[in-house]
Amino acid sequence: MRTATLGPEQRAEALAAMAERELDVLVVGGGVVGAGTALDAVTRGLSTGLVEARDWASGTSSRSSKLIHGGLRYLEMLDFALVREALKERGLLLERLAPHLVKPVPFLYPLQHKGWERLYAGSGVALYDAMSMARGHGRGLPLHRHLTRRHALRVAPCLKKDALVGALQYYDAQMDDARFVATLVRTAASYGAKAANRARVTGFLREGDRVVGARVQDVEGGGEYEIRAKQIVNATGVWTDDTQAMVGERGRFHVRASKGIHLVVPKDRVHSTTGLILRTEKSVLFVIPWGRHWIIGTTDTDWDLDKAHPAASSADIDYLLDHVNSVLAVPLGRDDVQGVYAGLRPLLAGESDATSKLSREHTVAHPAPGLVVVAGGKYTTYRVMAKDAVDEAVHGLDTRVAECVTEETPLLGAEGYRALWNARARVAARTGLHVARVEHLLNRYGSLAEEVLDLVAADPALGEPLQAADDYLRAEVVYAASHEGARHLDDVLTRRTRISIETFDRGTRSAREAAELMAPVLGWDKDHVEREVQHYEKRVEAERESQLQPDDLTADAARLGAPDIVPL
């Protein structure tokens, strides 16, 4: 079984190795596109480095709607090429690349008008299915079906009877976006890429007009490194313009940030066996199954404030509640909301004043010799964006380079996953865990779940659940720090697990237990544990305060009341 470890020692070794000799490609940005670019480059045989200023997926790539989808609404915009491309990627991820991480999810689309709307929407969903099947990667999902109102209300009893005259049901897919990125980084490392988070680019090295490397600060250790590379790929998403400014190049396009917020509510607050997709005056609204919860989102508004910590205002939360309550028989209130998170979409500006109409297409450019920029796009098509970025970088290398092979390269944990899934009852009997726990681990780690189970075998106490977040085992916290690159408590509670949005206390009751589990792995003393816990509690307090504010300006000011654990 292929594996890789992103522990403290590997991080230090990676920084030293990147500074030791010139790389073929250095990727800046540890979101899904940057991680995908590193995997693409290293699997072509290129010496590859990857640096991220904060944590893996700490920006946009951990704050999405958690969907892998073709983008049904883009059909209405007649953007057939984007939908076709995304549906192919959806199929690859479901069937070949990451079946342990990407899962089918059903959606119900309520019809509100008799006759014409069923024909209109039904034709769109039929085309969606047909485009998926035509690419040869649609077999993993059921085809859509038409439902009467009575049938729709049996499937989704939560709906008001007068909110629909019938419905369509179709399938897309979902994943844990931050976990997916961490797995991408580990997969790249398993093929030889050097990866370091909490490593911030402070400037670029130039020889004449050519970019030949980057100055990188170890944000935690305090060291500075000069990392030289034949080609650098800027994959920093909403920070693209800021990164470009370091080389005095604003680039050929402008990236604009659009804020999307999501609410997390307990499963029993919405009685339905399927997700929902609702049309709003601006876009669409999703109610997405998420374990023992629902995710409700999203908004689509311009954002020009702090990019690292976009804040959800009271107005944002009311907008989502008002829209979802327009179809729910039992309305949701503020007290039903367990978690709230906000993210920024990196959109290519120039086509429209309204962010909901800006392009989800991506662009690759070579603004200066030695520097490639990739921006825009959507999570589902990260692999295509990465391929295009490396293809562009290859033009600047004076050697023959192999073609992209990521279409045939499963992510770590995919190999052997289905066999282990079939044997999950035996795994449960062998380990003493309930079969539901084994299923949880397999759907988060795939065949790498064996590594988590090894920790439990060595220390049975790690097989117990966290006291205040019993969906997760104590071993998962240790594994996050020892194998998955988690450096801080926030990394574990917010991204390696989803405790920060899946509990009403937003992780504060789990903070001390988790920090004490991380301490031996990361060498923390009692004072350090205390700092981590206090920082996390202040972050949650600041987020709660921001969500009471009436608008973006006041919400942003409240959220910035809690500084980063490592100031940047």
Side-chain angles (χ1 to χ4, degrees), residues 1-7 9-52 56-57 61 89 92-93 96-102 178-197 199 227-233 235 372 374 382-394 397 399-417 445-451 479 482-485:
M1 180 179 69
R2 178 176 288 275
T3 188
T5 299
L6 298 179
E9 292 180 8
Q10 288 79 16
R11 176 182 175 276
E13 290 168 1
L15 280 169
M18 283 189 277
E20 192 173 288
R21 60 173 60 90
E22 185 183 44
L23 300 167
D24 291 321
V25 176
L26 173 65
V27 183
V28 181
V32 70
V33 176
T37 300
L39 177 59
D40 188 293
V42 75
T43 52
R44 297 193 198 200
L46 299 172
S47 59
T48 304
L50 172 64
V51 292
E52 159 60 39
W56 307 122
S61 294
E89 294 305 309
L92 284 170
L93 289 164
R96 182 188 302 165
L97 303 183
H100 55 313
L101 300 175
V102 181
R179 171 148 300 286
F180 190 94
V181 173
T183 307
L184 267 178
V185 176
R186 290 185 69 191
T187 306
S190 77
Y191 285 100
K194 305 301 180 185
N197 55 353
I227 300 175
R228 303 182 76 83
K230 296 172 184 173
Q231 292 287 310
I232 293 178
V233 178
V372 172
V374 55
Y382 81 89
R383 194 192 63 81
V384 179
M385 296 173 67
K387 174 185 178 299
D388 291 348
V390 178
D391 283 346
E392 185 67 27
V394 163
L397 299 176
T399 184
R400 186 173 177 82
V401 177
E403 293 294 316
C404 172
V405 297
T406 54
E407 192 171 318
E408 306 289 339
T409 307
L411 303 194
L412 289 189
E415 179 189 357
Y417 159 70
Y445 306 96
S447 55
L448 295 184
E450 293 284 9
E451 295 182 344
Y479 188 77
S482 64
H483 286 68
E484 297 183 324

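The CG atom of L15 lies 6.0 Å from the CD1 atom of I227; values are rounded to the nearest 0.5 Å. For the atom pair L97 CG and E89 CD, the distance stands at 7.5 Å (nearest 0.5 Å). The distance from the OG1 atom of T406 to the CZ atom of R383 is 4.0 Å, given to the nearest 0.5 Å. In this structure, OG on S47 lies 9.0 Å from CZ on R21, to the nearest 0.5 angstrom. From L6, atom CG reaches atom OG of S482 across 10.0 Å, with rounding to the nearest 0.5 Å. Note that OG1 of T187 is 6.0 Å distant from CG of L39, once rounded to the nearest 0.5 Å.
With sequence neighbours left out, the side chain to side chain contact (heavy atoms under 4.5 Å, CB included) criterion links K387 to D40, R44, D391, C404. Residues meeting the salt bridge (Lys or Arg N to Asp or Glu O under 4.0 Å) test with E408, sequence neighbours left out: R96.
A salt bridge is absent between E415 and R2; no separation between the charged side-chain nitrogens and carboxylate oxygens falls under 4.0 Å.
Between V374 and D388, every side-chain heavy-atom pair lies at or beyond the 4.5 Å cut-off. Side-chain contact between V32 and M385 is absent, with no heavy atoms from C-beta onward closer than 4.5 Å. Annotation: side chain of V372 is not in contact with side chain of I232 (no heavy-atom distance under 4.5 Å). Contact annotation: the side chain of R186 approaches that of H483 to within less than 4.5 Å [non-hydrogen atoms, C-beta and beyond]. Residues V233 and L26 are not in side-chain contact: their nearest non-hydrogen atoms beyond the backbone lie 4.5 Å or more apart.
Listed here is the closest heavy atom pair of A195 and A14: O-CB, 3.5 Å. When every heavy atom of L412 is checked against every heavy atom of S190, the shortest pair comes out as CD2-OG, 3.9 Å. Scanning all heavy atoms of the two residues, the minimum distance from S447 to G416 falls at CB-C, 4.3 Å. Nearest heavy atoms, A57 versus A178: CB-CA, 4.0 Å. Nearest heavy-atom pair, A41 versus V390, reported as atom, atom and distance to 0.1 Å: N-CG2, 4.0 Å. A pairwise comparison of heavy atoms in V51 and A199 identifies CB-O, 3.8 Å as the closest pair.
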Report the C-alpha distance between L397 and Q231 in whole Å, list the side-chain angles of each, state the deciding distance to 0.1 Å, and finish with yes or no for side chain to side chain contact (heavy atoms under 4.5 Å, CB included).
-> CA-CA 8 Å; L397 299 176; Q231 292 287 310; 3.8 Å; yes
May I have the step-by-step check of side chain to side chain contact (heavy atoms under 4.5 Å, CB included) for T48 and L23, ending in yes or no?
-> CA-CA 6 Å; T48 304; L23 300 167; over 6 Å; no
Full working for salt bridge (charged side-chain N to carboxylate O under 4.0 Å, His left out) between R179 and E484 = CA-CA 9 Å; R179 171 148 300 286; E484 297 183 324; 2.8 Å; yes
Mind running side chain to side chain contact (heavy atoms under 4.5 Å, CB included) on K230 and V25 for me, showing each step along the way?
-> CA-CA 6 Å; K230 296 172 184 173; V25 176; over 6 Å; no
Would L50 and W56 satisfy side chain to side chain contact (heavy atoms under 4.5 Å, CB included), going step by step from the backbone distance to the final call?
-> CA-CA 10 Å; L50 172 64; W56 307 122; 3.8 Å; yes
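Side-chain contact of Y479 with E451: a donor-acceptor pair under 3.5 Å is present, judged by distance alone.
The aromatic rings of F180 and Y382 lie perpendicular to each other, with more than 60° between the two planes, well past the 30° mark.
Side-chain N or O atoms of E52 include one that pairs as donor or acceptor with a backbone N or O of G30 at under 3.5 Å.
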